[in-house]
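So that the names make sense, note that chain A is the first sequence line, chain B the second, and so on, each numbered from 1.
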There are 2 protein chains.
Amino acid sequence: MNPLFHALLQKSRYITNCLNETLKQHNLYSSQWTILFCLHVHGPMTLTQIWKYLNVEAPSITRAVARLETLGWVQRVDGPDKREKIVTLSAMAKEKLPAIEKTILAFEEEMIGSMTIEEQQQFMNLLQKMKG
Amino acid sequence: MNPLFHALLQKSRYITNCLNETLKQHNLYSSQWTILFCLHVHGPMTLTQIWKYLNVEAPSITRAVARLETLGWVQRVDGPDKREKIVTLSAMAKEKLPAIEKTILAFEEEMIGSMTIEEQQQFMNLLQKMKG
DNA sequence: CTAATTTATTTACCTAGCTAAATAAATTAT
DNA sequence: ATAATTTATTTAGCTAGGTAAATAAATTAG
């Protein structure tokens, strides 16, 4: 395998693992965090809006949101279109989000702090040169 | 979440999905291919050598190699140290590997063909600037 | 030489993605 | 207005990673 792919996939796995480690203190997994963050930024969303935004398949989001609901982070309510479920952050989530965001910012700083803004931009540009 | 992480994780998932799609014609999954490739390059290896090389945890390799054995791609034999199992490619695997490698090379060319060698090198350098 | 420790693998179980197919509500075509 | 199609979500089951703990063989300490 091309070393570029190997390196990219490894780093991706490494980042996810580190992120999970960091989020342990808040009793969250990385995929749960991405959904909470999504709702934090966009406000209430349907499941479809979430999975289209995060670019994953619907069943992954169904499962993760169901888990977040049993843990008390979100509520699911029927929308005016009764096919869709609207997901909103719970009071508990809104209360805890600022502290979690702080943790995440520190994590990101530690992870890519040694790259300049130009290098980060360059990295994104090169990523986009790959197919897809 | 920092867009750099988002982009990197997305691309990583996209590559894996494309690779799986490409490997369907050989009835293989990407993780199975990485193990076969590993054995192709290094010759017979113990499970520990494989998971240390691929930088994943042991149980993932135990499972994947067991599956590869039932599918006839590899054999597991006891080593002189009876704790370890040595994994070798089957005759079927050796016969089929060249065609699979060809498929993979075409896939990689399609995936990163629009990047120059310098850009690829630069990308790797930037990846390594991230922590880990 | 026996006891304690280390090492290699496995088992059980978790998150996290995927596809395919089922269900139910809404929309479109006739 | 009914039938056919589309859309939103869910269910079932797969690969693929992770951790924690069990087992068995090898090694080290006493």
Between the side chain of B:S12 and the main-chain N/O of B:L8, is any donor-acceptor distance below 3.5 Å? no
Run B:M130 and B:F5 through side chain to side chain contact (heavy atoms under 4.5 Å, CB included) and show every step you take. CA-CA 11 Å; B:M130 298 177 60; B:F5 286 131; 3.8 Å; yes
Do the non-hydrogen side-chain atoms of B:N2 and A:M111 ever get within less than 4.5 Å of each other? no
C:dT19 P sits how many Å from B:E21 CD, rounded? 8 Å
Pairs: protein N or O with nucleotides 14-18 of chain C N or O, under 3.5 Å:
unit_1, atom_1, unit_2, atom_2, d
C:dT15, OP1, A:R67, NE, 3.2
C:dA16, OP1, A:S31, N, 3.1
C:dA16, OP1, A:S31, OG, 2.8
C:dA16, OP2, A:S31, OG, 2.2
C:dA16, O5', A:S31, OG, 3.1
C:dG17, O3', B:R13, NH1, 3.4
C:dG17, N7, A:R63, NH2, 2.9
C:dG17, O6, A:R63, NH2, 3.2
C:dC18, OP1, B:R13, NH1, 2.7
C:dC18, OP2, A:E57, N, 2.6

Which donor-acceptor pairs under 3.5 Å do the side chains of residues 66-74 of chain A make with protein atoms, sequence neighbours left out?
unit_1, atom_1, unit_2, atom_2, d
A:R67, NH1, A:T70, OG1, 3.3
A:E69, OE1, A:R76, NE, 3.0
A:E69, OE1, A:R76, NH2, 2.9
A:E69, OE2, A:R76, N, 3.0
A:T70, OG1, A:R67, O, 2.9

The dot-bracket string of DNA chain D, counting Watson-Crick and G-U wobble pairs with both distances under 3.5 Å, using [ ] for crossing pairs and | for pairs to another strand, is ||||||||||||||||||||||||||||||
Rounded to whole angstroms, how far apart are NZ on A:K24 and P on D:dG18? 13 Å
Within-4.5 Å side-chain heavy-atom neighbours: B:E108 and B:I104: yes
Over how many whole Å does the gap from B:I50 atom CD1 to D:dA16 atom C1' extend? 16 Å
I need the CG-C1' distance between B:L23 and D:dT15, as an integer number of Å. 13 Å
Tabulate below the donor-acceptor pairs under 3.5 Å that side-chain atoms of residues 92-100 of chain B make, not counting sequence neighbours, or state none.
none

How long is the span from the CD atom in B:E101 to the CH2 atom in B:W33, to the nearest 0.5 Å? 5.0 Å
How is B:T62 classified with respect to the nucleic acid when contacts are heavy atoms under 4.0 Å: base, sugar-phosphate, or nothing? base
Protein-nucleic acid N or O pairs under 3.5 Å, nucleotides 22-26 of chain D:
unit_1, atom_1, unit_2, atom_2, d
D:dA26, OP1, B:K82, N, 3.1
D:dA26, O4', B:R83, NE, 3.4

Walk me through whether A:L9 and A:M1 qualify under side chain to side chain contact (heavy atoms under 4.5 Å, CB included). CA-CA 11 Å; A:L9 299 176; A:M1 272 252 283; 4.2 Å; yes
Can you measure B:R76 atom CZ to C:dT9 atom P for me and round it to whole angstrom units? 10 Å
Is B:T88 reaching over with its side chain to a backbone N or O of B:P44, donor-acceptor style, under 3.5 angstrom? no
Between C1' of D:dA8 and CE of A:M45, the distance in whole Å: 15 Å
Over how many whole Å does the gap from A:Y14 atom OH to D:dG17 atom P extend? 18 Å
Contact summary for A:Q75 and A:S90, nearest pair of heavy atoms: NE2-CB, 3.5 Å
Figure out the CG/P separation between B:N27 and D:dT15, and round it to whole Å. 13 Å
What donor-acceptor contacts under 3.5 angstrom involve side-chain atoms of residues 47-57 of chain B, with partners at least two apart or in another chain?
unit_1, atom_1, unit_2, atom_2, d
B:Q49, OE1, B:T46, N, 2.9
B:N55, ND2, A:Q10, OE1, 2.9

